[in-house]
There are 2 protein chains.
Amino acid sequence: MADLPEVVLLDFWVSPFGQRCRIALAEKGVPYKYREQDLLLSKSELLLRSNPVHKKIPVLLHAGRPVCESLAIVEYIDEVWPQAAPLLPRDDPYGRAQARFWADYIDKKIYGCQSRLWKLKGEAQEQARKDLIEALKTLEFELDDKPYFGGENFGFVDIALVPFTCRFLAYEKLGSFSIEEHCPKIVAWAKLCKERESVAKVLPDPDKVFEFIQFIRISKFGAK
Amino acid sequence: MADLPEVVLLDFWVSPFGQRCRIALAEKGVPYKYREQDLLLSKSELLLRSNPVHKKIPVLLHAGRPVCESLAIVEYIDEVWPQAAPLLPRDDPYGRAQARFWADYIDKKIYGCQSRLWKLKGEAQEQARKDLIEALKTLEFELDDKPYFGGENFGFVDIALVPFTCRFLAYEKLGSFSIEEHCPKIVAWAKLCKERESVAKVLPDPDKVFEFIQFIRISKFGAK
């Protein structure tokens, strides 16, 4: 991979996992080459070679060496470029454990529930809707009156969750509910995050995200 | 929680996630109070208060503060007691990212497949069997000829995987296959790990584990 630039991100525009990496790189001010991957028709040889285990984006190539799995990538970025914008609290193992706990919660609950919300129908979809609201309320409770999840500074948990906010419109349309009604603090936090250049330039328009999700629902899961 | 000792582990004897924490504490030589939890009949008030989000073991209480999720706990133990037996490679962000990738793989694939193996029947169970063998072979390929996953030293990925080795007998009985036939290196690695006191004193007898799994299969999933 000698012909590759120093930092390359293999990604797909709508992926919340890829968006995490892009936001982390932007927060750190790391220049990188973005390589959009064609996941729907054919995966590139570079992607298959870089992540032979999962064959999935995002993959961060740093000096030719691949790092896979979004949370591992964000933590890697934080460790390799520690100067600007620390994402996990330094010298605070307890704070780091808490941050890892919540990032894991987001992966398991928010991602899990949203997938069920658009794959399933009838009662199973209704259960997914309830579980998603419950998970968002748990995050609302954890956020409480802090500006960001880790306190005063934008960090690891914010990066883990904020890509899902451009899917809130899709959740509301598919689940017929208002996130603001249940979780006003999360909605205010999402607005605050969106004021950051790192977030604003990465997150796509919620309408386009909803359109993409509808396309996937119809083409892959036969939804109407 | 002023009446609690400095380090307390809320755990359940057969849990591979709890076993990870016990092995990590033993590797570090950290004294702690083990508190077996009754998960089948009623969860303790201490467990519910310490992990209100998931209400699950293991929970590590350190100076009264709870840390939850086994991989976050093991990483916390490594950071708080860094002197003895480093589990993640120091000063090597790439090595740490790789270790986190593989620990995540074990959680997703090995745990996911084994659960399907004993919950499901017929064709779905057969698929789980195939997926489990495939996942073990992927780990066999990653281990290659190294003594441990991280190289010369017992570390994070070994701790993540080794508790599942006392379930190998159950996998073989339920799936009618030989792990040694497919993954001789993993079996040799498991034997090497078992020579460590930290592992030997934590892992229960595979026959007892199989008995427990059969009890759960029959009582919870109606298996015969």
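We name chains A, B, ... by the order of the sequence lines, and we start the count at 1 in each one.
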Interatomic spacing from [atom1] in [X] to [atom2] in [Y] - rounded to 0.5 Å:
{"X": "Arg196(A)", "Y": "Ile159(A)", "atom1": "CZ", "atom2": "CD1", "answer": "8.5 Å"}
{"X": "Leu120(A)", "Y": "Arg217(A)", "atom1": "CG", "atom2": "CZ", "answer": "10.0 Å"}
{"X": "Tyr32(B)", "Y": "Ile77(B)", "atom1": "OH", "atom2": "CD1", "answer": "9.0 Å"}
{"X": "Leu117(B)", "Y": "Lys119(B)", "atom1": "CG", "atom2": "NZ", "answer": "12.0 Å"}

Are any side-chain N or O atoms of [X] and backbone N or O atoms of [Y], one a donor and one an acceptor, separated by less than 3.5 Å?
{"X": "Glu36(B)", "Y": "Tyr34(B)", "value": "no"}
{"X": "Asn51(A)", "Y": "Cys68(A)", "value": "no"}
{"X": "Asp11(B)", "Y": "Trp13(B)", "value": "no"}
{"X": "Asp158(A)", "Y": "Phe149(A)", "value": "yes"}
{"X": "Arg167(A)", "Y": "Ile213(A)", "value": "no"}
{"X": "Gln114(A)", "Y": "Tyr171(A)", "value": "no"}

Check: Who among Val53(B), Val80(B), Leu71(B) has the most heavy-atom pairs with chain A under 4.5 Å?
Finding: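 Highest number of pairs under 4.5 Å: Val53(B).
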
Checklist line | Those residues of residues 93-109 of chain A, ordered by number, that approach chain B below 4.5 Å (heavy atom to heavy atom) | finding: Pro93(A), Tyr94(A), Arg96(A), Ala97(A), Gln98(A), Arg100(A), Phe101(A), Trp102(A), Asp104(A), Tyr105(A), Lys108(A), Lys109(A)

Notebook entry, point to check: How far apart are the closest heavy atoms of Ala160(B) and Pro163(B), and which atoms are they?
Noted result: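 That would be O-CD, 3.8 Å.
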
Please report, to 0.1 Å, the donor-acceptor pairs under 3.5 Å made by any side chain of residues 55-62 of chain A, with sequence neighbours excluded.
residue, atom, partner, partner atom, Å
Lys55(A), NZ, Pro52(A), O, 3.1
His62(A), ND1, Tyr76(A), OH, 2.7
His62(A), NE2, Glu6(A), OE2, 3.4

Next item on the list: Residue by residue, scan residues 126-142 of chain B and write down, ordered by number, those that have a heavy-atom distance under 4.5 Å to chain A; if none do, write 'none'.
Entry: Thr138(B)

Item checked: Sorted by number, residues from residues 19-29 of chain B in contact with chain A (heavy atoms, under 4.5 Å) ->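 Heavy-atom contacts from residues 19-29 of chain B to chain A are absent.
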
Item checked: Heavy atoms from other residues, nucleotides or ligands near NZ of Lys146(A) exceed 12 (cutoff 6.0 Å) -> yes

